[in-house]
Number of protein chains: 2
Amino acid sequence: MSSKYDAEPSRLDEAARAGWLYYVAGNTQDEIAKKLGVSRQSAQRLVSLAISAKLIKVRLDHPIAQCMELSLRLKDKFGLQSCEVVPSDPTSSSVTLGIAQAGAAEMERHLKSEQPIIMSVGTGRTLRACVDQLQQMDCQKHRIISLVGNIASDGSASAYDVIVRLADTIKSPHFPLPLPVIAASVEEREILQSQKFIRHILDLAKQSDVTFVGIGHLEDNAPLLEDHFITSEERSDLIKAGAVGEIVGWAYDAQGNLLEGHTNDRVASVPIFPNHDKPVIGIASGIGKISAISGALQGKLVNSLITNEATAEQLLNN
Amino acid sequence: MSSKYDAEPSRLDEAARAGWLYYVAGNTQDEIAKKLGVSRQSAQRLVSLAISAKLIKVRLDHPIAQCMELSLRLKDKFGLQSCEVVPSDPTSSSVTLGIAQAGAAEMERHLKSEQPIIMSVGTGRTLRACVDQLQQMDCQKHRIISLVGNIASDGSASAYDVIVRLADTIKSPHFPLPLPVIAASVEEREILQSQKFIRHILDLAKQSDVTFVGIGHLEDNAPLLEDHFITSEERSDLIKAGAVGEIVGWAYDAQGNLLEGHTNDRVASVPIFPNHDKPVIGIASGIGKISAISGALQGKLVNSLITNEATAEQLLNN
DNA sequence: CAATCAAGTGAGTATTTGCCCGTAAATGTA
DNA sequence: TACATTTACGGGCAAATACTCACTTGATTG
């Protein structure tokens, strides 16, 4: 007679119950307190725990006119397959506010497909925030591929381990790319990528039905730099060569042309091709990323975009 | 800035924006009012419009959520006073897993009452499992009544002696029903039930503030049969007459109508009445019991239910 | 053109919620 | 064991939110 149910319901279970009663069933905290047999204050704590534990996920399902307009104009200007613009909160400092929910919604849209699909993903803070907003699903028939290695130059795994977290949430078979982001040399990259199982992953990535990538800038606090995938010198070289941004490690200039040479000779990520016919969705926002996003759009490195209002406006004034 | 893209923001758009700022960005209505340039009251109206127009979608990402939704739907479908659905553990074969804890919790909730109460209980494996989960309490002011006799046709006491065990755990005065479950004849039932102290118990049972019963099926391995309260022939007769389940011995059909005649003429248990105003809580789970539970719910023989996820889903697909 | 009506607004008010803080229980430490 | 520290609890209160009501506006219509 021993089981996981014997244990008194964990605090999180209670929080889930309280959160459900509050947000879904519309009870007041007093009613919840009565139903759960606790004080009102405890009920309040449970509800707020449900929020802070990310049990509660809120989404807005409406094309706001202003954002619609921006989205249309962006599609027009850059020939995008699709574009979603979420409202900005001018007073919030969070970079991913709203974007994360929209990205998660887009991912879910694809994951709900009846047909088995191959979804490939990049990495970074933004994608990670999206994945954190995903709801639990059972997607055993789909396959998730990582476009980018997760090993830093010091051998540690990346802090923004998007693919593992993603696969965990949606219970999909997944294929991380056990490579450095940028190999030590051209030869090393060749050797690493010629391994049979790596070739298999690269091959799967090519068949992707949908791709989600973040867009990295190359300013002082470039993600590639902060995560120690490139050195400060390498960044300077890239800047001198005209680089404005990077996608899964591949650096490109203001027109979205992939750079020849420099670190691009050693990037071990899955190659990216402009003008892909399947959806390649860039998720990015922030004024610091304007030129990086603009470049990616101009070079058609991505054909879909999820961003926010403020960023969209900047992109259009560009 | 005027172009084909311009669309004046409709009220819903404003509502969407307000809802977004409120729920996603976490602004207060005052802040929203300022940002949208309207009064605080208007902001409040926009936010509530966003909810009532279903623009805002809240999800709870936790196994409990599923159960709460099922519970709500069951309440709706069968007009129940209350309904609790506990998670199913697909890997466990135990019928009472989780149910027992939930049932015990519900019992404790009532037993904690300051006012002296009368609680009546049926019998069976499920109720026994609930009672086994009860914590020791001191409930001398309450009274516990058995709804059903505990004597089998061979004179032995029932193996699932719920009431004694219950009273033992909570130290309450208790009133077992020293009768067979099903008398040998209509006359015998009359004689037995006319005894003064039996009448007293039946009378107490009528005053019950809360009632807990199991729900028995009438398949091959029907509890009534296994415990030798009825014979195999009697079961066949019942089935032919349309019986799908029984509560404290009273057999009923798929619509929850108590059968006329058959063993029901001789059942010595406390009578049960549909549409009771006090809580009558059925505790049952298992796919084998679906039609029995469904009948009990349709006929309002119980007005509250404790079951598990899998059973709840079946009941709703019915 | 006045009457009617639907929809929206702000003021006022009741209810609900968030949070501080002192106390009590649980947990960790010597 | 005794003591320190953390954790949880509930009372109380100010802030935030929901609701009611009387009024305005503007469109519709007989």
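We name chains A, B, ... by the order of the sequence lines, and we start the count at 1 in each one.
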Using a distance-only test with no angle check, is there a side-chain donor-acceptor pair under 3.5 angstrom linking A/T96 and A/T126?
no
Under 3.5 Å, is there a donor on one side chain and an acceptor on the other for A/Q101 and A/K57?
no
Are the side chains of B/F212 and B/L147 in contact, using a 4.5 Å heavy-atom criterion?
no
Of all nucleotides in DNA chain D with an atom under 4.0 Å from a non-hydrogen atom of chain A, which is the first and which the last going 5' to 3'?
D/dC9 to D/dG12
With B/K75, which residues qualify under side chain to side chain donor-acceptor pair (under 3.5 Å), at least two apart?
none
Mind checking side chain to side chain donor-acceptor pair (under 3.5 Å) for B/Q140 and listing every partner two or more places apart, or none if nothing turns up?
B/D138
Could you list all N or O pairs between the protein and nucleotides 18-21 of chain C that sit under 3.5 Å apart?
{"unit_1": "C/dG18", "atom_1": "OP2", "unit_2": "A/Q29", "atom_2": "NE2", "d": "2.7"}
{"unit_1": "C/dG18", "atom_1": "OP2", "unit_2": "A/Q44", "atom_2": "NE2", "d": "3.1"}
{"unit_1": "C/dG18", "atom_1": "O6", "unit_2": "A/R40", "atom_2": "NH2", "d": "2.7"}

Counting only N and O atoms by type, is there a donor-acceptor contact under 3.5 Å from the side chain of B/K77 to the main-chain atoms of B/L315?
yes
Using atom types as modelled and distance alone, determine if a side-chain donor or acceptor of B/D209 lies under 3.5 Å from a backbone N or O of B/M119.
no
Please report, to 0.1 Å, the donor-acceptor pairs under 3.5 Å made by any side chain of residues 37-47 of chain B, with sequence neighbours excluded.
{"unit_1": "B/S39", "atom_1": "OG", "unit_2": "B/S42", "atom_2": "N", "d": "3.1"}
{"unit_1": "B/S39", "atom_1": "OG", "unit_2": "B/S42", "atom_2": "OG", "d": "3.0"}

Distance, rounded to the nearest Å, where B/E14 contributes CD and C/dA7 contributes P
19 Å
For A/R59 and A/Q133, the nearest pair of non-hydrogen atoms, with its separation, is NH2-O, 3.7 Å
CD of B/E309 to CD of B/E69: how many Å apart, nearest 0.5 Å?
10.5 Å
Report the end-to-end axis angle of the helix from C/dC1-D/dG30 to C/dA30-D/dT1; each axis comes from five terminal pairs, and the value is rounded to 10°.
30°
